[in-house]
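See structure below.
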Amino acid sequence: MKKILMSIGVLAILCVGVVACGNDDKQEDSQKKISLTVENTDLQTDSSKTATIEGKTEPFADIQVEGRFTSGDEKKNTQADKEGNFSQTVDWQTNYKVVAEKDGVKSNTVTVKVTHPQ
């Protein structure tokens with residue numbers, strides 16, 4: 001009887017260990033980020049009071065640019081091309097936050113400061 005109880009205890013400990021290891025893998029997956037690079041994070045508008053945020057991420061990733069636009073919008077969305085290049089025109093002097101997302105995985109947020117020349 002002692003041997004049976006001992007065997008059940010060992011099996012229970014092994015099962016708990018396997019489940020715990022599986023949870024660590026899920027935590028690592030949730031911490032993955034896709035790449036996002038913005039060419040210039042300090043832009044000045046041109047004579048038409050616009051600037052273009054340009055960068056690179058994963059091919060066909062969705063790009064969200066959050067900030068203030070003269071249209072009254074607070075967000076603009078675009079998509080990276082097959083090489084991962086993207087651009088979004090902005091038209092307000094403010095800080096814009098840029099995030100890429102693909103297959104439910106997001107990038108780090110990049111802040112782009114846009115100013116009007118004096």
Side-chain angles (χ1 to χ4, degrees):
M1 185 66 148
K2 245 182 179 180
K3 287 183 181 182
I4 292 174
L5 290 176
M6 183 73 100
S7 296
I8 291 173
V10 168
L11 285 175
I13 290 171
L14 287 174
C15 288
V16 170
V18 169
V19 170
C21 289
N23 287 341
D24 287 342
D25 291 342
K26 289 179 185 177
Q27 288 175 348
E28 286 178 19
D29 287 344
S30 69
Q31 294 174 357
K32 289 182 182 175
K33 302 266 185 200
I34 64 171
S35 64
L36 172 65
T37 304
V38 174
E39 290 180 16
N40 188 351
T41 58
D42 192 12
L43 297 173
Q44 284 195 339
T45 58
D46 58 20
S47 61
S48 65
K49 302 271 187 205
T50 63
T52 302
I53 297 172
E54 298 176 312
K56 189 166 183 85
T57 185
E58 305 293 321
F60 303 111
D62 295 316
I63 312 300
Q64 184 177 78
V65 179
E66 189 175 323
R68 188 170 179 188
F69 297 87
T70 57
S71 64
D73 293 334
E74 292 183 2
K75 293 180 185 174
K76 296 274 185 172
N77 297 305
T78 191
Q79 188 176 56
D81 65 16
K82 64 183 178 181
E83 282 88 34
N85 299 310
F86 70 90
S87 65
Q88 176 65 55
T89 301
V90 295
D91 56 6
W92 201 269
Q93 180 174 302
T94 191
N95 290 335
Y96 291 90
K97 297 194 181 297
V98 182
V99 177
E101 182 175 355
K102 184 174 180 182
D103 299 327
V105 181
K106 291 185 177 184
S107 68
N108 288 327
T109 300
V110 176
T111 301
V112 178
K113 180 180 177 182
V114 178
T115 57
H116 296 311
Q118 298 297 331

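Computed from a predicted structure; not experimentally measured.
More than 12 heavy atoms of other residues, nucleotides or ligands shown are found within 6.0 angstrom of CD on Glu83. No more than 12 heavy atoms of other residues, nucleotides or ligands lie within 6.0 Å of NZ in Lys106, so this atom counts as exposed by the packing criterion.
Distance OG1/Thr115 to CD/Gln44: 4.5 Å, rounded to 0.5 Å. Between atom OG1 of residue Thr109 and atom CD of residue Gln64 there is a gap of 9.0 Å, rounded to the nearest 0.5 Å. Rounding to the nearest 0.5 Å places OG1 of Thr70 at 12.0 Å from NZ of Lys49. The line from OG1 of Thr57 to CD of Glu101 is 10.5 Å long, rounded to the nearest 0.5 Å. Between atom OG1 of residue Thr94 and atom CD of residue Glu74 there is a gap of 10.5 Å, rounded to the nearest 0.5 Å. If you take CG on Asn85 and CD on Glu39, they are separated by 8.0 Å, rounding to the nearest 0.5 Å.
The hydrophobic cluster containing Tyr96, built from Ile/Leu/Val/Met/Phe/Trp/Tyr side-chain heavy atoms closer than 4.5 Å, also comprises Leu36, Val38, Leu43, Ile53, Ile63, Val65, Phe69, Phe86, Val90, Trp92, Val98, Val110, Val112, Val114.
Heavy-atom minimum distance, Gln88 versus Thr78: OE1-CB, 3.7 Å. Residues Asp91 and Arg68 approach most closely at OD1-O, 4.4 Å, considering heavy atoms. Here the closest heavy-atom approach between residue Ala80 and residue Glu58 is recorded as CB-O, 3.6 Å. Listed here is the closest heavy atom pair of Val105 and Lys32: CG1-O, 3.4 Å.
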Going through the distances and angles, do Thr52 and Thr89 end up as a side-chain contact (heavy atoms from CB on, under 4.5 Å)? CA-CA 4 Å; Thr52 302; Thr89 301; 3.8 Å; yes
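Using a distance-only test at 3.5 Å, with no hydrogens or angles considered, a donor-acceptor pair links the side chain of Lys102 to the main chain of Pro59. Looking at Glu54, its side chain never comes within 3.5 Å of a backbone N or O of Ser87 through a donor-acceptor pair. Between the side chain of Asn40 and the main chain of Asp42, a donor-acceptor pair closer than 3.5 Å is present.
With 3.5 Å as the limit, one finds no donor-acceptor pair spanning the side chains of Asn95 and Thr111.
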